[in-house]
*Asks:* 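Encoded as structure tokens, here's the structure I'll be asking about.
Order of listing sets the numbers, starting from 1, for every ligand and every atom in it. Throughout, residue positions are numbered sequentially from 1 according to the sequence presented. Note: hydrogens, waters and symmetry copies are ignored here, and every other heavy atom, side chains too, is used.
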Amino acid sequence: MQLPLPKHIDTTKVLEAIDPAKDVDGFHPINAGRLAAGQQALVACTPLGCLILAKTVAPSLKGMEAVVVGRSNIVGKPVAQLLLREDCTVTIAHSRTRDLPGVVRRADLVIAAVGRPQMIEGSWLKPGAIVIDVGINRIPAANGKTRLVGDVDFASAKEVAGAITPVPGGVGPMTVACLLRNTVEAACARRGIAVPEM
Ligand code: NDP
């Protein structure tokens with residue numbers, strides 16, 4: 001199901017009508033609960049993509065200070081659960097967080113899922129930090145057109161970060177790939193066959 005739904009539709013009701021075994025988005029409360037409890041679950045695709053991307057540059061995230069900016073049910077909270085499972089020390093920041101730049105500056109790993117164009121600046125980052133930019137924002141560009149940018153100011157951040165994902169072309173394609181991965185996983189589980197190496 002594509003979120004957000006129009007206002008007149010009850011999102012909770014629709015989510016709960018999905019069979020958790022077919023919930024390839026990982027949004028059903030059963031899967032969210034299983035993830036929080038550290039159990040086998042279908043995990044939300046964008047958070048899973050973020051984790052896979054971070055592990056390409058740091059195969060072990062153990063002991064890292066991770067700051068997740070954003071606390072939505074579809075990105076912020078599940079990505080925080082995944083990072084906790086990887087033994088990170090996780091802080092979840094949001095619109096009421098005091099001194100956000102100071103909080104972000106502590107992070108070895110930053111996950112930006114805010115929905116505010118280029119909000120996180122290079123000067124907020126710890127040198128060498130891994131930065132995963134989930135944001136997809138359309139802003140005005142020259143010649144009356146628009147362009148996509150993330151929640152991180154890529155130009156200043158790339159000078160400080162150890163690794164950073166671009167927008168577009170970073171987390172977005174990973175979300176699609178993880179949706180296919182979850183679909184294969186769910187199909188195998190429902191038929192009782194082994195999940196292939198992915
Ligand atoms: P939501 O709007 O549901 O959540 C945004 C979060 O950011 C909220 O927790 C909000 O805090 C927090 N926030 C807003 N403003 C600030 C601020 N000034 N300082 C600190 N925190 C702030 O967004 P989503 O999680 O659904 O999406 C986030 C971004 O990721 C969007 O740009 C979206 O388009 C993109 N996205 C990209 C995907 C991909 O595949 N690449 C998939 C899904 C989303 P509070 O809770 O206090 O309001």
Side-chain angles (χ1 to χ4, degrees), residues 1-7 9-12 14-15 18 23-29 31-32 35-36 42-56 65-84 90-107 109-125 129-141 146-154 156-157 163-183:
M1 183 182 59
Q2 183 68 49
L3 295 175
L5 291 175
K7 280 200 169 53
I9 299 176
D10 183 338
T11 301
T12 306
V14 177
L15 276 181
I18 294 170
D23 172 37
V24 291
D25 283 313
F27 293 161
H28 192 286
N31 281 310
L35 173 65
L42 283 166
V43 176
C45 306
T46 301
L48 189 56
C50 292
L51 179 68
I52 294 170
L53 282 168
K55 290 183 95 170
T56 60
E65 286 273 354
V67 171
V68 178
V69 190
R71 56 175 164 181
S72 70
N73 287 339
I74 64 170
V75 189
K77 284 178 195 159
V79 85
Q81 296 291 353
L82 285 173
L83 295 173
L84 203 53
V90 184
T91 301
I92 306 178
H94 46 77
S95 66
R96 303 288 183 270
T97 296
R98 264 186 260 142
D99 185 22
L100 186 60
V103 171
V104 172
R105 214 166 277 127
R106 295 202 309 254
L109 171 62
V110 180
I111 311 282
V114 193
R116 305 251 179 247
Q118 300 168 315
M119 187 185 86
I120 296 173
E121 299 165 17
S123 62
W124 295 20
L125 299 174
I130 300 168
V131 180
I132 309 289
D133 190 353
V134 181
I136 300 178
N137 310 287
R138 197 165 278 285
I139 62 165
T146 60
R147 67 186 178 102
L148 287 181
V149 297
D151 291 339
V152 178
D153 176 35
F154 188 84
S156 62
I164 180 167
T165 59
V167 177
V171 173
M174 283 304 290
T175 298
V176 178
C178 289
L179 183 63
L180 293 175
R181 181 188 162 130
N182 278 355
T183 305

*Asks:* Which of the numbered atoms in ligand 1 are below 4.0 angstrom from a heavy atom of Gly70?
*Replies:* 6 (C), 7 (O), 9 (O)

*Asks:* Provide, to 0.1 Å, the distance between atom 43 (C) of ligand 1 and the closest protein heavy atom, together with that atom's residue and name.
*Replies:*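 The answer is Val75 CG2, 3.9 Å.
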
*Asks:* Heavy-atom distance to atom 28 (C) of ligand 1: which of Gly49, Ala113, Gly170 wins?
*Replies:* Ala113

*Asks:* Among Ile111, Val79, Val110, whose side-chain contact (heavy atoms from CB on, under 4.5 Å) with Ile132 holds?
*Replies:* Ile111

*Asks:* Please check this pair: side chain of Asn182 against backbone of Leu42, looking for a donor-acceptor N/O pair closer than 3.5 Å.
*Replies:*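 Not a single qualifying donor-acceptor pair exists.
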
*Asks:* Looking at Ile139, Val152, Asp133, Val167, which hits side-chain contact (heavy atoms from CB on, under 4.5 Å) with Gln118?
*Replies:* Ile139

*Asks:* Suppose I only count heavy atoms of Thr175 and a 4.0 Å limit; which atoms of ligand 1 are within that range?
*Replies:*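 Checking each atom against Thr175, I get 39 (C), 40 (O).
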
*Asks:* Regarding atom 41 (N) of ligand 1: of the candidates Asn137, Val134, Thr46, which has the closest heavy atom?
*Replies:* Val134

*Asks:* Please classify the Leu100 to ligand 1 contact at 4.0 Å (heavy-atom distances, strictly less than): side chain, backbone, both or neither.
*Replies:*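 For Leu100, the contact with ligand 1 is made by the side chain alone.
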
*Asks:* Identify, for atom 22 (C) of ligand 1, the protein heavy atom at the shortest distance, and state residue, atom and that distance.
*Replies:*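 Looking only at protein heavy atoms, the one closest to atom 22 (C) of ligand 1 is Val114 CG1, 3.4 Å.
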
*Asks:* Would one find an N or O of Arg96, backbone or side chain, under 3.5 Å from an N or O of ligand 1?
*Replies:* no

*Asks:* Give me the residue, atom name and distance of the protein heavy atom closest to atom 23 (O) of ligand 1.
*Replies:*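 Ranking protein heavy atoms by distance from atom 23 (O) of ligand 1, first comes Ser72 CB, 4.4 Å.
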
*Asks:* What's the shortest distance from atom 9 (O) of ligand 1 to any protein heavy atom, and which residue and atom give it?
*Replies:* Arg71 N, 2.8 Å

*Asks:* Pairs of nitrogen or oxygen atoms closer than 3.5 Å, one from Ile136 and one from ligand 1: do any exist?
*Replies:*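 Yes, since at least one N or O of Ile136 sits under 3.5 Å from an N or O of ligand 1.
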
